Q: 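Mind having a look at this structure? Questions to follow.
One is the number of the first residue; the rest follow in order along the sequence. For clarity, every value in this text was computed on a predicted model and none was experimentally measured.
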Amino acid sequence: FDFENDAYINLDGNSPPPNTRTDFNRVVIQINGENNNDQVIAYIDDIINDDSTASGSVFNSLVWSDEFNDAGFVDSNKWFHQTQLIAGDSWANGEVQHYTNRVDNSFVSNGTLKIKAIKETYTDQGYQKQYTSARLNSKFAFKYGRVEVRAKLPSVAGTWPAIWLLGKNINENGGYWDNQGFGTANWPWCGEIDVMEPNVAKTEILGTWHWNNGAGYQFNSSSVSITNADTSQNFHDYVLEWDSNSMRVYLDGTLVNQMTTVNPFNQEYYILLNVAMGGNLGGTIDSGFTDDAMEIDYIRVYQKSSLSSNNVVYDNKISFYPNPVKDELNIKFTDGKNAPVVVQ
């Protein structure tokens, strides 16, 4: 059976064709009799994953997730609200908001997380600003894996939503992992992975890496085209696949950017979710702005299970026949002198 090309029966008429879906992560084979009660025997000879376009990484073990099913406050066991101004009186990149831990700015309802930017006069840490929002740090850090985030983005000019990762070792006062004593490296020495950022015009989604491994500040950025109406009205899948060889960012299965894994992208990273106002990728804020939000359906992190294998080698040194067998089984293999031996 060829799962990509052979005829199939979709038991759920509301589901899209299985060969167009990108959310599958395993194959389940179930053998039933005609009435689901008869005992049957099935002979399975070979199972081969022959996808020449695959990255080679098998991320099939869910290690951390948030499905955002519990309404109310954000789960404090999984997320930390980063509110301390990192530049003394402001945030980086020209952002003009305060980040808060209030339920006004981040909350869960109807099965999704909302990170909401609001126009309001707000004073914190001795500084008054005209906008508030939220910036979440995951209390989970990991090295290598697949990050899946299904999200709907804000649409109003001036909003700057981001799904990204920072090295667990970043020295950034007020960050969760710095508070835990891991802050030993300044940015960009810690490394940054931007899985999703729209450009100022909201006509592109960017995938970007920032780092310094001794050769000075470096970055690698690329993008795919989108429409603001689509990304703000519909959920899309923003994905990072990251292993010891390469890093790849996808939008709904379309490759946005990729690069070879280099130092410092060989250490643990944590996930950040936020909506900034103004700044380098927010741009000029719409004069009529009142509020807007990034909405996240789920976030999932997969890694390789102990049974995963990147490279399968098909070796003809041993074979069994006939298949199916009756009375007599032949085992053919090659000894050290490459002489075929048949055992009956």
Q: Can we say D243 and R248 salt-bridge, meaning some charged N sits less than 4.0 Å from an Asp/Glu carboxylate O?
A: yes
Q: Is the backbone N or O of M196 less than 3.5 Å from a side-chain atom of D194, with the two atoms forming a donor-acceptor pair by type?
A: no
Q: Under the salt bridge (charged side-chain N to carboxylate O under 4.0 Å, His left out) rule, collect the residues that match up with K139, sequence neighbours excluded.
A: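 Listed in chain order: nothing, the list is empty.
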Q: Considering only residues two or more places apart or on different chains, which pairs with a residue in residues 176-186 satisfy side-chain hydrogen bond (donor to acceptor under 3.5 Å, both in side chains)?
A: N171-N186
Q: Please work out which of the three classes, parallel, tilted or perpendicular, describes the rings of W64 and F140, given edges at 30° and 60°.
A: parallel
Q: Output all residues satisfying ring-ring contact (aromatic ring centres under 6.0 Å, His included) with W187, sequence neighbours left out; order by chain, then residue number.
A: H210, Y217
Q: For E268, what residues pass the salt bridge (charged side-chain N to carboxylate O under 4.0 Å, His left out) criterion, not counting sequence neighbours?
A: K168
Q: Return yes when atom CG of D12 has more than 12 non-hydrogen atoms of other residues, nucleotides or ligands closer than 6.0 Å, and no otherwise.
A: yes
Q: Quick test of your reading of the model: are E148 and R146 salt-bridged, counting only N-O distances below 4.0 Å?
A: yes
Q: Q267 and N169: side-chain donor and acceptor closer than 3.5 Å?
A: yes
Q: So, taking the atom named CG in L136 and the one named OG in S76, what distance separates them when rounded to the nearest 0.5 Å?
A: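 Answer rounded to 0.5 Å: 11.5 Å.
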Q: For D70, is the CG atom crowded, meaning more than 12 foreign heavy atoms sit under 6.0 Å from it?
A: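 For D70, atom CG is not crowded (no more than 12 foreign heavy atoms under 6.0 Å).
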Q: If only side-chain N and O atoms count, and only distance matters, is there a donor-acceptor pair under 3.5 Å linking N105 with T132?
A: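 Looking only at side-chain atoms, N105 and T132 do form a donor-acceptor pair, the distance falling under 3.5 Å.
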Q: List for me each residue that meets salt bridge (charged side-chain N to carboxylate O under 4.0 Å, His left out) alongside K202, sequence neighbours excluded, and say none if there are none.
A: none
Q: Distance alone, cut at 3.5 Å: any donor-acceptor contact between the side chains of S133 and K116?
A: no
Q: What distance separates M259 CE from N220 CG, expressed to the nearest 0.5 Å?
A: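 Those atoms lie 5.5 Å apart.
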Q: Please determine which of F107, W79, F68, Y298 meets the side-chain contact (heavy atoms from CB on, under 4.5 Å) test together with L113.
A: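 Filter result, single survivor: F68.
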Q: For the backbone of G175 and the side chain of N137, can you confirm whether one donor and one acceptor N or O come within less than 3.5 Å of each other?
A: no
Q: Applying salt bridge (charged side-chain N to carboxylate O under 4.0 Å, His left out), can you list everything that pairs with E172, at least two apart in sequence or on another chain?
A: R135
Q: Would you mind telling me which of E95, K129, H98, Q97 makes a side-chain contact (heavy atoms from CB on, under 4.5 Å) with S90?
A: K129
Q: When you compare the side chains of S61 and S305, does any donor N or O come within less than 3.5 Å of an acceptor on the partner?
A: no
Q: For T83, does its backbone N or O pair with a side-chain atom of Q125 as donor and acceptor, under 3.5 Å?
A: yes
Q: Distance from N257 atom CG to I193 atom CD1, nearest 0.5 Å?
A: 11.5 Å
Q: Do the ring planes of Y238 and H236 sit parallel (below 30°), tilted (30 to 60°) or perpendicular (above 60°)?
A: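 It falls in the perpendicular class, over 60°.
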Q: Judged by modelled atom types alone, do T100 and H81 share a side-chain donor-acceptor pair under 3.5 Å?
A: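 On atom types as modelled, these side chains do not qualify, holding no pair under 3.5 Å.
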Q: For the side-chain hydrogen bond (donor to acceptor under 3.5 Å, both in side chains) test, which of W160, W164, W91 pairs with N274?
A: W164
